[in-house]
Amino acid sequence: MVPVALLIWLIAETAIYVSLARYVFDTSWATAGLVALGSLLAVRAVIVALTWAFAWAYPSPAPALSFATWLRMLVGEYLAFLMSFIVVMPFERLWMPPDRLRPCARPIILVHGYGCSRSVWWWLRGKLEAAGHTVASVNLYPPYTSIGKLVPLLNQRVDEVCGATGSEQVVLIAHSMGGLVCRSYLARHGKQRVERLITIASPHAGTELARIGLGQNAREMETGSLWLRDLATEDVPVPTISIRTAHDNYVMPQDNQRLPGGIDIELDGIGHLAVLYSRRTASELIAACR
C-alpha cells in the first residue's frame, strides 16, 4: 500500500540524513535533526522544480500570469506536495477515516491519481460532505501496474457503494490518472452504474512527464501511447466535465487535459496537486454535483 511504503521511506530517508549529519559531519543531535528536516524539504523542492521545468518545456497556450500570481502558484504547489506526500499520505488513517456511507440517491466516489492514495481527497471530501453529499473513496494498488488492472478495484468499489447506499448510480470524481481509470471502467462496464464523470487535471491525451515515470501505467500515459489511442476510440457514455489547470506541472502539454465531448472548465494559476486544496475546485465540484 502506498501510505505504508511512504511512511517507511520517510523514516528511512530521515534516518539517513540524521546519520550523515551526526556521524559523518560530527554535528549535535539537534543540528542533525535540523539538517534532516532541511534535506527533506530541499529534496521535495527539487522534485517540484523538475515538474515545472518539464511544464515549461511542453507548454500549451495559457493566460499570462503576473509575477505575484506565478510565485503564489509555485509556492502553493510546493506546499501541496509537502502536504500530500509527507503529512497526509504516510499517515492516511489520521487524515482519512473510513467512508461514511448512508442511504442516498447519488453517492460520489473519489478516484485518486498516479502514485497517490485515497487520502489525497481528505480536504475535498470534507467540502463535499459539508455540502450534503455522501462521499466514498477507493485505493488503487499496486501503484505502478497497468491502468486496466486497476479497473476491477473501481468496479468492486462501485458495487459496494451502491449496495451500502441503496443507490442505482454513482458520480465519479477523479484526479489525474484516476480519470483514465474511470474512462477504462466505463469502456468495460458501461454506464449502468455511473450517472456522470468529473475529471480533474487528467491526462486524457497523455503527458510528456510520464516518460520519466515508473511503472506500466506511466508508459500508458505517455503522449501517443497505444493504450491511450485504444481508449480514445471508446466514447464516454455518460455526461462529463473536465476541470483542467491551464498551468499544470504534471500534465503537459496542458491542453491534453481536455476531454472531447465534455464540458471544459479551466482553472488558471494553480498546480496539479494544489488543485486538490483549492476553494475554486471545491466550488466547481459542488456546483457540478447539484
With a 6.0 Å cut-off on the ring centroids, do Tyr114 and Tyr144 count as close? yes
If you count heavy atoms of other groups shown closer than 6.0 angstrom to [atom1] of [X], is the number above 12?
{"X": "Glu168", "atom1": "CD", "result": "no"}
{"X": "Trp56", "atom1": "CH2", "result": "yes"}
{"X": "Arg93", "atom1": "CZ", "result": "no"}
{"X": "Arg279", "atom1": "CZ", "result": "no"}

Please report the closest heavy-atom contact between [X] and [Y], naming both atoms and the distance.
{"X": "Gly206", "Y": "Asn256", "result": "O-ND2, 2.9 Å"}
{"X": "Thr199", "Y": "His204", "result": "OG1-NE2, 3.0 Å"}
{"X": "Val171", "Y": "Cys289", "result": "CG1-SG, 4.3 Å"}
{"X": "Gly115", "Y": "Phe85", "result": "O-CE2, 3.7 Å"}
{"X": "Ser278", "Y": "Leu124", "result": "O-CD2, 4.5 Å"}
{"X": "Trp121", "Y": "Val111", "result": "CZ2-O, 3.2 Å"}

Just by distance, do the side chain of [X] and the backbone of [Y] share a donor-acceptor pair under 3.5 Å?
{"X": "Ser242", "Y": "Arg258", "result": "no"}
{"X": "Thr27", "Y": "Ala21", "result": "yes"}
{"X": "Gln169", "Y": "Gln192", "result": "yes"}

Show the numbers, then the answer: is there a side chain to side chain contact (heavy atoms under 4.5 Å, CB included) between Val138 and Gln156? CA-CA 10 Å; Val138 60; Gln156 177 182 345; over 6 Å; no
Assess the residue pair Leu209 and Met252 against the criterion (side chain to side chain contact (heavy atoms under 4.5 Å, CB included)); give the C-alpha distance rounded to whole Å, side-chain angles, the decisive distance to 0.1 Å, and a yes or no. CA-CA 7 Å; Leu209 190 64; Met252 58 202 71; 4.1 Å; yes
Sub-4.5 Å side-chain heavy-atom contact between [X] and [Y]:
{"X": "Thr31", "Y": "Arg22", "value": "no"}
{"X": "Val18", "Y": "Trp29", "value": "yes"}
{"X": "Met177", "Y": "Ser202", "value": "no"}
{"X": "Ile86", "Y": "Arg44", "value": "yes"}
{"X": "Ile198", "Y": "Thr240", "value": "no"}
{"X": "Arg106", "Y": "Val170", "value": "no"}
{"X": "Leu267", "Y": "Ile270", "value": "yes"}
{"X": "Arg118", "Y": "Met96", "value": "yes"}

With the 4.5 Å side-chain cut-off for hydrophobic clustering, are [X] and [Y] part of the same group?
{"X": "Leu34", "Y": "Ile11", "result": "no"}
{"X": "Ile147", "Y": "Val236", "result": "yes"}
{"X": "Val48", "Y": "Leu71", "result": "yes"}
{"X": "Ile16", "Y": "Val24", "result": "yes"}
{"X": "Trp9", "Y": "Tyr17", "result": "no"}

Would Arg280 and Asp268 count as a salt bridge (Lys or Arg N to Asp or Glu O under 4.0 Å) if you check the C-alpha gap in whole Å, the side-chain angles of each, and the deciding distance to 0.1 Å? CA-CA 10 Å; Arg280 287 185 288 167; Asp268 59 7; 3.6 Å; yes
Is it true that the side chains of [X] and [Y] contain a donor and an acceptor less than 3.5 Å apart?
{"X": "Thr223", "Y": "Tyr58", "result": "no"}
{"X": "Glu220", "Y": "Ser146", "result": "yes"}
{"X": "Arg72", "Y": "Thr69", "result": "yes"}
{"X": "Thr145", "Y": "Gln216", "result": "no"}
{"X": "Ser176", "Y": "His272", "result": "yes"}

Result for side chain to side chain contact (heavy atoms under 4.5 Å, CB included) between Gln254 and one of Thr207, Thr245, Asp248 points to Asp248
Looking at Trp227, is Arg219 sitting on its ring face, NZ or CZ under 6.0 Å from the six-membered ring centre and within 45 degrees of the normal?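 Geometry flag: not set, cation outside 6.0 Å or 45°.
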Side chain to side chain contact (heavy atoms under 4.5 Å, CB included) for Met73 and Asn249? Distances and angles first, verdict last. CA-CA 10 Å; Met73 178 177 67; Asn249 55 312; over 6 Å; no
If you measure from the Lys or Arg side-chain nitrogens to the Asp or Glu carboxylate oxygens, is any gap between Glu234 and Arg183 under 4.0 Å? no
Charged N-O contact under 4.0 Å between Asp99 and Arg157: yes
Side chain to side chain contact (heavy atoms under 4.5 Å, CB included) for Val35 and Phe25? Distances and angles first, verdict last. CA-CA 11 Å; Val35 169; Phe25 297 100; over 6 Å; no
